[in-house]
Student: 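Below is the structure I would like to discuss, written out as structure tokens.
Quick caveat: nothing in here was measured; it's all calculated off a predicted structure. Labels below follow one simple rule: chain letters A, B, ... track the order of the sequence lines, proteins then strands, and each chain is numbered from 1.
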Amino acid sequence: MVDLRFRDIVRFSCGCNMVADFELKKLVKPLQDWFDGHARVLPWRDDPKAYKVWISEIMLQQTRVEAVKPYFARFMEALPDVEALAACPEDRYLKLWEGLGYYNRVRNLHAAAEQIMEQYGGTIPDTVEELLRLKGIGSYTAGAIASIAYNRPVPAVDGNVLRVISRVCADDSDIMKQSVRSAMERSLQAMMETEVTNGLIPRKFNQALMELGAMVCVPNGAPHCPECPWYGFCEARLQDKIDTIPVKTRAKARRIEERTVFVIRDGEHVALRKRPAKGLLAGLYELLNVSGILEQQEALEYVKNQGFSPIRIQALAPARHIFSHVEWHMHAYVVLVEETTAPKENILFTEAQKAVENYAVPSAFSAYWNAIKMEIKE
DNA sequence: AATACGGGGGT
DNA sequence: ACCCCAGTATT
């Protein structure tokens with residue numbers, strides 16, 4: 001077997017820095033052994049069939065394990081296989097995703113399910129090349145599915161892996177750069193192909209790398225080095241660079257948007273509107289709202305223009321919601337309207353209970369939408 | 001190479 | 001406040 005050494009990884013990956021003069025097998029074995037004793041029990045781990053791996057990996061993109069758990073259970077029950085997902089209407093899968101964020105993920109999931117039905121007879125492909133052609137599956141997810149579901153020796157480089165590998169080699173490359181990620185993928189690919197004949201188990205190794213990042217070499221706060229299977233040879237620790245590695249350029253500041261939100265109601269109905277098919281919160285349902293801050297008279301005028309006959313208007317407490325790149329500062333009014341009111345075509349004026357049950361309303365509106373939900377419960 | 005795209009938890 | 005999260009698609 002080729003005697004790949006750790007410094008080869010480092011050189012492949014960034015060409016800078018560190019050399020650690022130990023063999024790669026010292027990295028693999030302790031990690032896999034540690035994982036055997038410390039792996040969390042997760043709902044998508046007991047039975048690593050491709051569909052479960054796929055759905056969980058998409059949900060886990062930029063999302064914490066704890067947040068995913070309830071969504072995963074609900075999703076698997078409602079849509080237990082590719083065929084069911086492919087046949088699911090938009091409003092239903094959006095409702096299943098409601099509150100999880102990055103809604104294009106579920107839109108792409110549905111599109112990919114259709115692709116899989118048409119091109120692969122309902123079977124999720126097992127190669128990175130084919131997986132990459134599916135909507136919503138990029139380099140990480142293709143590697144995760146191929147390795148975890150099919151045990152192929154391919155890397156799955158996510159934020160955890162970037163952090164853990166950077167630290168163990170004390171590599172100070174900026175992990176926000178695509179080039180750094182690609183290089184790490186290439187080096188891990190080469191290593192895995194070699195070591196798979198020497199005890200490396202792809203599905204175990206990749207999950208272990210991520211588990212280490214999630215539980216020991218943590219993203220926030222100090223890593224738990226004494227618990228780390230790599231304690232003895234982590235270069236970042238040996239060189240006292242735990243606080244400076246990984247290196248990441250910080251994102252630019254958010255812009256702030258002032259908006260005015262309308263809770264338009266009669267005794268039992270509430271007004272909702274479906275958002276455009278593209279852009280922020282695409283396809284979800286929202287309380288009517290406009291850009292800018294409207295005075296009460298202007299607000300009343302707006303509500304009339306939407307086809308309603310207002311009886312009473314009252315200001316609500318302002319609320320804010322923070323997205324990745326935007327921050328909404330919301331001013332709001334509750335407007336009581338006549339029951340015979342006739343809103344414009346693009347507006348739904350439905351029973352509050354039906355609205356809550358059937359339509360996905362983003363968390364951005366929760367300051368106002370939760371009040372409707374509470375009412376339903378009584 | 002940048003930017004859009006959610007929401008929530010940690011420090 | 002700021003960081004980050006089992007990232008991807010688009011520009």
Student: On DNA chain C, reading 5' to 3', which nucleotide is the first and which the last to sit with an atom under 4.0 Å from a heavy atom of chain A, could you check?
Tutor: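 First-to-last contact on DNA chain C, by the 4.0 Å heavy-atom rule, is C:dC3 to C:dA9.
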
Student: Taking only heavy atoms on the protein side, list every residue of residues 143-161 of chain A lying under 4.0 Å from any atom of DNA chain B, sorted numerically.
Tutor: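 Those residues: none at all.
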
Student: Do the charged groups of A:Glu98 and A:Lys95 touch, with an N to O distance under 4.0 Å?
Tutor: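 The answer is yes: the pair qualifies as a salt bridge.
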
Student: Taking the same atom, P, in B:dG6 and in C:dT11, what whole-Å distance lies between them?
Tutor: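 Straight-line distance between the two P atoms is 15 Å.
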
Student: If I take atom CZ in residue A:Arg107 and atom C1' in nucleotide B:dG6, what distance separates them, rounded to the nearest angstrom?
Tutor: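 Between C1' of B:dG6 and CZ of A:Arg107: 13 Å.
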
Student: Shared ILVMFWY cluster between A:Leu42 and A:Ile145, side chains joined below 4.5 angstrom?
Tutor: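 In one cluster with A:Leu42: A:Ile145, yes.
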
Student: Using ring centroids (six-membered ring only for Trp), state whether A:His325 and A:Phe323 fall under 6.0 Å.
Tutor: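 Between A:His325 and A:Phe323, which both carry aromatic rings, the centre distance is not below 6.0 Å.
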
Student: Does anything in residues 270-292 of chain A come within less than 4.0 Å of DNA chain B? Heavy atoms only, and list the residues if so.
Tutor: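 Within residues 270-292 of chain A, the residues near DNA chain B are A:Gly279, A:Leu280, A:Leu281.
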
Student: Return all side-chain donor-acceptor pairs below 3.5 angstrom for residues 297-320 of chain A, not counting sequence neighbours, or 'none' if the list is empty.
Tutor:
unit_1: A:Glu298; atom_1: OE1; unit_2: A:Glu295; atom_2: N; d: 2.7
unit_1: A:Tyr302; atom_1: OH; unit_2: A:Arg273; atom_2: NH1; d: 3.2
unit_1: A:Asn305; atom_1: ND2; unit_2: A:Glu301; atom_2: O; d: 3.4

Student: In whole Å, I'd like the distance from the CZ atom of A:Arg254 to the P atom of B:dG7.
Tutor: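 Roughly 13 Å, once rounded to whole Å.
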
Student: Which residue lies toward the 5' end of DNA chain B, A:Asn220 or A:Lys252, if each is placed at its nearest nucleotide?
Tutor: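 Result: A:Lys252.
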
Student: Got a sec, which residues hit ring pair (Phe, Tyr, Trp, His ring centres under 6.0 Å) with A:Trp369, two or more places apart in sequence or on another chain?
Tutor: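 A:Trp369 satisfies ring pair (Phe, Tyr, Trp, His ring centres under 6.0 Å) with no residue once adjacent residues are dropped.
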
Student: Quick one: A:Arg64 CZ to B:dG8 P, roughly how many Å, whole number?
Tutor: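 From A:Arg64 CZ to B:dG8 P: 12 Å.
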
Student: Of the residues in residues 45-62 of chain A, which ones touch DNA chain B at a heavy-atom distance under 4.0 Å?
Tutor: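 Those residues are A:Gln62.
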
Student: Would you classify A:Thr63 as touching base, sugar-phosphate or nothing, given that sugar-phosphate means primed atoms plus P, OP1 and OP2, and contacts are heavy atoms under 4.0 Å?
Tutor: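 Counting heavy atoms under 4.0 Å across all strands, the contact made by A:Thr63 includes a base.
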
Student: Please state how far atom CG in A:Asn104 lies from atom C1' in B:dC5, giving the value in whole angstrom units.
Tutor: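 Rounded to the whole Å, the gap is 7 Å.
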
Student: At under 4.0 Å between heavy atoms, what does A:Lys248 touch on the DNA or RNA strands: base, sugar-phosphate, or nothing?
Tutor: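 The residue A:Lys248 makes sugar-phosphate contact but no base contact.
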
Student: Of A:Val65 and A:Asn108, whose nearest nucleotide on DNA chain C comes first from the 5' end?
Tutor: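 That would be A:Val65.
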
Student: Quick check on the hydrophobic clustering: are A:Tyr150 and A:Ile148 connected, directly or via other members, by side-chain heavy-atom contacts under 4.5 Å?
Tutor: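 Yes, same cluster.
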
Student: Please report the distance, rounded to the nearest Å, between NE2 in A:His325 and C1' in B:dA2.
Tutor: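 That distance rounds to 9 Å.
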
Student: To check you understand the geometry: which heavy-atom pair defines the closest contact between A:Ala67 and A:Leu100, and what is its length?
Tutor: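 Shortest heavy-atom contact: O-CD1, 4.3 Å.
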
Student: Taking the same atom, P, in C:dA6 and in B:dA4, what whole-Å distance lies between them?
Tutor: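 Their P atoms lie roughly 24 Å apart.
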
Student: Check this for me: does any side-chain nitrogen of one of A:Glu375 and A:Arg265 sit under 4.0 Å from a carboxylate oxygen of the other?
Tutor: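 Salt bridge flag = yes for A:Arg265 with A:Glu375.
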
Student: Could you run through DNA chain B and flag its stems, i.e. three or more consecutive Watson-Crick or G-U pairs with both distances under 3.5 Å?
Tutor: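 So the stems come out as B:1-5 with C:7-11, B:7-11 with C:1-5.
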
Student: I want to check one thing: is the phosphate of B:dG7, taken as OP1 and OP2, less than 4.0 Å away from some side-chain N or O of A:His321?
Tutor: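 For B:dG7, OP1 or OP2 has a side-chain N or O of A:His321 closer than 4.0 Å.
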
Student: For the P atoms, the ones on B:dT3 and on C:dC3, what distance do you get once it is rounded to whole angstrom?
Tutor: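 One P to the other, the span is 16 Å.
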
Student: Are any of the side-chain heavy atoms of A:Arg181 and A:Ser139 separated by less than 4.5 Å?
Tutor: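 Yes, their side chains come closer than 4.5 Å.
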
Student: What pairs with A:Phe365 under ring pair (Phe, Tyr, Trp, His ring centres under 6.0 Å), at least two apart in sequence or on another chain?
Tutor: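 A:Phe365 satisfies ring pair (Phe, Tyr, Trp, His ring centres under 6.0 Å) with A:Trp328 once adjacent residues are dropped.
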
Student: Starting at atom CD1 of A:Ile322, determine the distance to atom P of B:dG9, rounded to an integer number of angstrom.
Tutor: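 So the two atoms are 13 Å apart, to the nearest Å.
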
Student: What contact category does A:Leu109 fall into here, base, sugar-phosphate, or nothing, at under 4.0 angstrom with non-hydrogen atoms?
Tutor: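 If one applies the 4.0 Å heavy-atom cut-off, A:Leu109 turns out to touch nothing in the nucleic acid.
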
Student: With a 3.5 Å cut-off and sequence neighbours excluded, list the donor-acceptor pairs that the side chains of residues 55-64 of chain A form with protein atoms.
Tutor:
unit_1: A:Ser56; atom_1: OG; unit_2: A:Lys52; atom_2: O; d: 2.9
unit_1: A:Ser56; atom_1: OG; unit_2: A:Val53; atom_2: O; d: 3.0
unit_1: A:Glu57; atom_1: OE1; unit_2: A:Tyr140; atom_2: OH; d: 2.6
unit_1: A:Gln61; atom_1: NE2; unit_2: A:Thr141; atom_2: OG1; d: 3.0
unit_1: A:Thr63; atom_1: OG1; unit_2: A:Met59; atom_2: O; d: 3.3
unit_1: A:Thr63; atom_1: OG1; unit_2: A:Gln61; atom_2: O; d: 2.8
unit_1: A:Thr63; atom_1: OG1; unit_2: A:Arg105; atom_2: NH1; d: 3.1

Student: Pick the P atom in B:dC5 and in C:dA1, then give their distance to the nearest Å.
Tutor: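 Roughly 23 Å separates the two P atoms.
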
Student: Any base atoms under 4.0 Å from A:Tyr140, or only sugar-phosphate, or nothing? Heavy atoms, all strands.
Tutor: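 If one applies the 4.0 Å heavy-atom cut-off, A:Tyr140 turns out to touch a base.
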
Student: Under 4.5 Å between side-chain heavy atoms, hopping through other hydrophobics if needed: is there a path connecting A:Leu272 to A:Leu336?
Tutor: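 No, A:Leu272 does not connect to A:Leu336 through the hydrophobic network.
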
Student: Do you reckon A:Phe349 sits in the same ILVMFWY cluster as A:Leu287, going by side-chain contacts under 4.5 Å, direct or chained?
Tutor: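 No, separate clusters.
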
Student: Could you tell me if A:Glu235 and A:Gln239 have a donor-acceptor pair between their side chains, going purely by distance under 3.5 Å?
Tutor: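 A donor-acceptor contact under 3.5 Å links the two side chains.
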
Student: What does A:Arg203 touch in the nucleic acid at a heavy-atom separation under 4.0 angstrom: a base, only the sugar-phosphate, or nothing?
Tutor: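 Nothing, no heavy atom under 4.0 Å.
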
Student: Hey, quick one: are A:Leu109 and A:Leu96 part of the same hydrophobic cluster, counting side-chain heavy atoms closer than 4.5 Å, chains of contacts allowed?
Tutor: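 A:Leu109 clusters together with A:Leu96.
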
Student: Got a sec? Which of residues 77-103 of chain A come in under 4.0 Å of DNA chain B, heavy atoms?
Tutor: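 Within this stretch, A:Gly99, A:Leu100, A:Gly101, A:Tyr102, A:Tyr103 sit under 4.0 Å of the strand.
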
Student: Atom NZ of A:Lys135 and atom C1' of B:dC5: how far apart are they, to the nearest Å?
Tutor: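 Atom NZ in A:Lys135 sits about 17 Å away from atom C1' in B:dC5.
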
Student: Assess the side chains of A:Tyr285 and A:Asn358: does a donor N or O sit below 3.5 Å from an acceptor N or O?
Tutor: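 There is no such pair between these side chains.
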
Student: Classify the side-chain pair A:Glu185/A:Gln189 by whether it contains a donor and acceptor separated by less than 3.5 Å.
Tutor: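 No donor-acceptor contact under 3.5 Å links the two side chains.
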
Student: Once ring pair (Phe, Tyr, Trp, His ring centres under 6.0 Å) is applied, do any residues pair with A:Tyr93, and if so which ones, sequence neighbours excluded?
Tutor: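 By the ring pair (Phe, Tyr, Trp, His ring centres under 6.0 Å) rule, A:Tyr93 matches A:His110.
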
Student: List, one per line, each side-chain donor-acceptor pair under 3.5 Å for residues 124-138 of chain A, sequence neighbours excluded.
Tutor:
unit_1: A:Asp126; atom_1: OD2; unit_2: A:Arg152; atom_2: NH2; d: 2.8
unit_1: A:Thr127; atom_1: OG1; unit_2: A:Glu130; atom_2: N; d: 3.2
unit_1: A:Thr127; atom_1: OG1; unit_2: A:Glu130; atom_2: OE1; d: 2.8

Student: Describe, in one word, how the ring planes of A:Tyr51 and A:Trp54 are oriented to each other, choosing from parallel (under 30°), tilted (30 to 60°) and perpendicular (over 60°).
Tutor: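 A:Tyr51 vs A:Trp54 ring planes: perpendicular.
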
